[in-house]
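Scroll down for the structure; my scribbles are underneath it.
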Amino acid sequence: MFEIRVICDPDDTDRVTTALTGTFTAGAVRAYPTRDGNRTRLYLTADHRPDPEPFPTPETAYAPAPSIVSEIGWTARTLAAAECFTELDRIFYLRKAALLDRIALLDEPDEVGDASETALTSARMLLMLDTDRAHMAPHLVDQADQNPRGYIRQQYARQAECVCDDPGKGDCLMHPDPDH
């Protein structure tokens, strides 16, 4: 950790603060007038921002996933049960994006073609809807924007645990069939 001190014009305080907190992991910014009262002194405790973790490989992210056929069935059943113009929850869009990513990987391993473009569009849609995005550090948002399908894999891997015994956690990604 280290301490940063900046002396700037009062009109630049917000811009400087935004730049510093976007570059470093920073604590609260403390602002004081300079002795002459014409400028502002900014102090903040900061630390180097850690590099983002690499996204998991498709093999790692989708290892515990149900079969593609099972996920297609779950997606169809979920859509059939929803009323028209109903916004579905994040898990639906995550599972749909992961399903399309898996199909694209089977059809087009080089990620070039219609299936890959559809998977990328679905991943970008989840990024737009993602409620976590507002709480992500700017460098993690940039990483997700640069590789939306990698972000889907990361999020899917984080959700990939059996929660059948805890109904409060919602649908189980590992066992989409309610009669498992």
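- Rounding to the nearest 0.5 angstrom, the gap separating the CG atom in Leu94 from the CG atom in Asp89 is 10.0 Å.
- Counting heavy-atom neighbours within 6.0 Å of Glu87 CD, excluding the residue itself, gives a total of 12 or less.
- Inter-residue side-chain proximity for Leu129 and Met125 is flagged as met; some heavy-atom pair is nearer than 4.5 Å.
- Closest approach of Ala61 and Ala157 over heavy atoms only: CA-CB, 4.0 Å.
- Judged purely by atom type and a 3.5 angstrom limit, Thr13 uses its side chain to pair as donor or acceptor with the backbone of Pro10.
- In this structure, Arg41 contributes its side chain and Pro33 its backbone to a donor-acceptor pair below 3.5 Å.
- Of the possible polar contacts, none joining the Thr40 side chain to the Asp9 backbone as a donor-acceptor pair under 3.5 Å is found.
- Between Tyr43 and Ile4 the shortest side-chain heavy-atom distance does not fall below 4.5 Å.
- Atom CG of Leu126 is separated from atom OG1 of Thr121 by 13.0 Å, given to the nearest 0.5 angstrom.
- Hydrophobic clustering places Phe2 together with Val29 (ILVMFWY residues linked when any side-chain heavy atoms are closer than 4.5 Å, directly or through intermediates).
- Shown here for Tyr156 and Ala65, the closest heavy-atom pair between the two residues is OH-CB, 3.4 Å.
- Linking Ile, Leu, Val, Met, Phe, Trp and Tyr residues whenever their side-chain heavy atoms come within less than 4.5 Å places Leu42 and Phe24 in a single cluster.
- When side chains are defined from C-beta on, Gln155 counts as touching Arg90, because their heavy atoms get closer than 4.5 Å.
- Looking at heavy atoms from C-beta onward, Arg39 lies out of side-chain contact with Asp12 at the 4.5 angstrom threshold.
- Here Arg102 contributes atom CZ and Asp107 contributes atom CG; the two are 13.0 Å apart, rounded to the nearest 0.5 Å.
- Here the CG-CG distance, from Leu105 to Leu100, works out to 11.0 Å after rounding to the nearest 0.5 Å.
- Atom CE of Met1 is separated from atom CG of Asp47 by 5.5 Å, given to the nearest 0.5 angstrom.
- Across every non-hydrogen atom of Tyr151 and Ala144, the tightest pair is CD1-CB, 3.7 Å.
- Considering Asp145, Leu140, Asn147 as possible partners of Gln143, the one that fulfils the side-chain contact (heavy atoms from CB on, under 4.5 Å) test is Leu140.
- The main-chain N or O of Ala82 is never found under 3.5 Å from a side-chain atom of Thr86 such that the two would form a donor-acceptor pair.
- Using a 4.5 Å heavy-atom threshold, the side chains of Leu88 and Leu79 count as touching.
- Counting only distance, with no hydrogens or angles, the side chain of Ser70 and the backbone of Pro66 share no donor-acceptor pair below 3.5 Å.
- Taking the charged nitrogens against the carboxylate oxygens, Glu59 and Arg153 have no contact shorter than 4.0 Å, which rules out a salt bridge.
- Not one N or O on the side chain of Thr60 forms a donor-acceptor pair closer than 3.5 Å with the backbone of Pro56.
- Not a single donor-acceptor pair under 3.5 Å links the side chain of Ser122 to the backbone N or O of Thr118.
- In this structure, Phe92 and Thr78 approach most closely via the heavy-atom pair CD1-CG2, 3.6 Å.
- In summary, the side chains of Arg95 and Gln159 do not present any donor paired with an acceptor at a separation below 3.5 Å, with no hydrogens or angles considered.
- Shortest non-hydrogen contact noted between Ile152 and Tyr62 is CG2-OH, 4.0 Å.
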